[in-house]
Amino acid sequence: MHPSLNLNALLDHVLRSTQSVAEYQRAARADFSADQIEYKQRNDLVSFVDRESERRLVADLRKVLPGAGFILEEGDNEGEDREWRWIIDPLDGTTNFLHDIPAWCISIALQKAEETVLGVVHDVAHGRVYRAIKGQGAHVVGQRERLRVSASAQLEDALIGTGFPYAVNDSPNDYLSVLGELLKKSRGIRRLGAAALDLAWVAAGKLDAFYEMELQPWDVAAGALLVEEAGGAISDFGGTANFVFGRQIVASNRKLHGQLLGVLGNRF
C-alpha cells in the first residue's frame with residue numbers, strides 16, 4: 001500500500017489542514033459559551049468544536065491517503081489495524097480552550113506498521129507549529145534550526161511537566177507521593193493541561209522532562225516523535241518502548257531519563 005508515498009509532500013498537506021482547523025478553532029473560541037460544553041465523565045469535557053475539528057481533519061486526510069486507518073479521540077476508530085493509520089487529537093487541552101486559557105493544540109501522527117513516521121503539534125493559541133518526520137529531525141515551521149532538547153543533567157536543575165489523570169482518585173497516594181518527591185528534587189513542576197504541547201516543549205528545550213499516566217495514543221503519538229527527533233528519550237515508567245498505547249509516558253532530554261525512571265518505576 002502506498003509504496004511511493006512522499007512523507008514531505010504529505011506533511012505539507014497536514015500542515016495546511018491543521019492551519020485551516022486552527023483558524024476555525026480561534027473563530028469558534030471567540031463566540032463560545034458555556035452551554036456548548038458536554039461531559040464525557042467528571043473533569044473530562046468535550047465541545048462541538050472538538051467534534052467538528054475532528055470531522056474536518058478526517059475528511060481532509062482521507063482524501064490524501066485513501067485506505068489509511070484512524071485512531072480518534074472523539075469518533076469511532078476505523079481501520080486501526082491497517083498498515084498506515086492516523087492518530088488524531090483534534091483539540092488537546094479542551095478544558096483550557098473552554099476556559100479561554102491559551103494552551104491547547106491539534107495533534108496528528110501518522111504510523112506505518114505501528115511506527116510513528118510523521119508528527120505535527122499545532123499550538124493554536126500562539127500560532128506555532130511543531131513538526132517532525134522520522135529521521136529528518138524536528139522543527140518549528142518557519143524556522144531553519146532543528147529543535148534540540150535541553151542540556152540539563154541533574155534533576156535539581158530540571159523543570160518538569162506533568163498532568164493529572166482523570167482517574168487520579170484510583171491511586172491518589174501513589175500519584176501525590178511521586179509529585180512530592182519530584183517537587184523536592186527538581187527546579188519545579190508545571191501542569192499545562194495539554195500533553196501533546198508538553199511533549200513539544202520538551203523537544204524545544206522549554207521543559208527538561210515530562211511524565212504522565214492514563215494517557216491515550218492521540219495524546220502522545222505526535223509529541224513523542226518530536227522528542228525523539230530532537231534528541232530526547234521516551235519510554236513508559238518501566239523503561240520500555242510501550243508508551244504510545246501503554247498509558248504511561250516519560251519524555252526527557254535523555255540525560256535525566258534514568259533519574260526519572262528511578263522515581264517513577266518504584267511507584268507504578
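Here the structure is a predicted model, which means the values were calculated and not measured. Along the sequence shown, residues carry numbers from 1.
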May I have the list of side-chain donor-acceptor pairs in residues 217-243 shorter than 3.5 Å, sequence neighbours left out?
unit_1: D219; atom_1: OD2; unit_2: Q216; atom_2: N; d: 2.8
unit_1: E229; atom_1: OE1; unit_2: G135; atom_2: N; d: 3.2
unit_1: E229; atom_1: OE1; unit_2: Q136; atom_2: N; d: 3.2
unit_1: E229; atom_1: OE1; unit_2: G137; atom_2: N; d: 2.7
unit_1: E229; atom_1: OE2; unit_2: G135; atom_2: N; d: 3.0
unit_1: S235; atom_1: OG; unit_2: H257; atom_2: NE2; d: 2.9
unit_1: D236; atom_1: OD1; unit_2: G238; atom_2: N; d: 3.0
unit_1: D236; atom_1: OD1; unit_2: G239; atom_2: N; d: 3.0
unit_1: D236; atom_1: OD1; unit_2: T240; atom_2: N; d: 2.8
unit_1: D236; atom_1: OD1; unit_2: T240; atom_2: OG1; d: 3.1
unit_1: D236; atom_1: OD2; unit_2: T240; atom_2: OG1; d: 2.6
unit_1: T240; atom_1: OG1; unit_2: N242; atom_2: N; d: 3.3

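- Atom CG of D208 and atom OG of S152 lie 3.5 Å apart (nearest 0.5 Å).
- Pairs engaging residues 183-216 under the ring-ring contact (aromatic ring centres under 6.0 Å, His included) rule: none recorded [sequence neighbours left out].
- Just one of L197, L207, N253 meets the side-chain contact (heavy atoms from CB on, under 4.5 Å) condition when paired with V202; it is L207.
- E78 meets the salt bridge (charged side-chain N to carboxylate O under 4.0 Å, His left out) test with R62; sequence neighbours excluded.
- Take D12 and apply the salt bridge (charged side-chain N to carboxylate O under 4.0 Å, His left out) test, not counting sequence neighbours, and it matches no residue.
- At a threshold of 4.5 Å between non-hydrogen side-chain atoms, the residues Q111 and V117 do not count as touching.
- Going from atom CD of Q19 over to atom CD1 of I106 covers 8.5 Å, rounded to the nearest 0.5 Å.
- Applying the salt bridge (Lys or Arg N to Asp or Glu O under 4.0 Å) rule to pairs touching residues 248-259 yields nothing, sequence neighbours excluded.
- For D123 (side chain) and C105 (main-chain N/O), no donor-acceptor pair under 3.5 Å exists by modelled atom type.
- Closest approach of A153 and L256 over heavy atoms only: C-CD2, 3.6 Å.
- Applying the salt bridge (charged side-chain N to carboxylate O under 4.0 Å, His left out) criterion to R16, with sequence neighbours excluded, gives no partner residue.
- Each salt bridge (Lys or Arg N to Asp or Glu O under 4.0 Å) pair with one or both residues in residues 100-109, not counting sequence neighbours, appears once here: R29-D100.
- S53 contributes a side-chain N or O that, together with a main-chain N or O of V49, makes up a donor-acceptor pair within less than 3.5 Å.
- Considering only residues two or more places apart in sequence or on other chains, E114 meets the side-chain contact (heavy atoms from CB on, under 4.5 Å) condition with R85.
- Applying the ring-ring contact (aromatic ring centres under 6.0 Å, His included) test to every pair with at least one member in residues 107-146, sequence neighbours left out, gives no pairs at all.
- I189 meets the side-chain contact (heavy atoms from CB on, under 4.5 Å) test with I160, T162, L179, L182, L183, S186; sequence neighbours excluded.
- Looking at residues two or more places apart in sequence or on another chain, you find a salt bridge (charged side-chain N to carboxylate O under 4.0 Å, His left out) between R247 and E214.
- One distance of note links CD of E156 with CD of Q259; it measures 9.0 Å at 0.5 Å rounding.
- With a 4.5 Å cut-off on side-chain heavy atoms, L110 and W84 count as touching.
- Using a distance-only test at 3.5 Å, with no hydrogens or angles considered, a donor-acceptor pair links the side chain of R26 to the main chain of V124.
- Judged as a side-chain contact (heavy atoms from CB on, under 4.5 Å), and not counting sequence neighbours, the contacts of E54 are V58, L72, E73, E74, P90.
- A salt bridge is defined here as a Lys NZ or Arg NE, NH1 or NH2 lying under 4.0 Å from an Asp or Glu carboxylate O, and E52 with R55 meets this definition.
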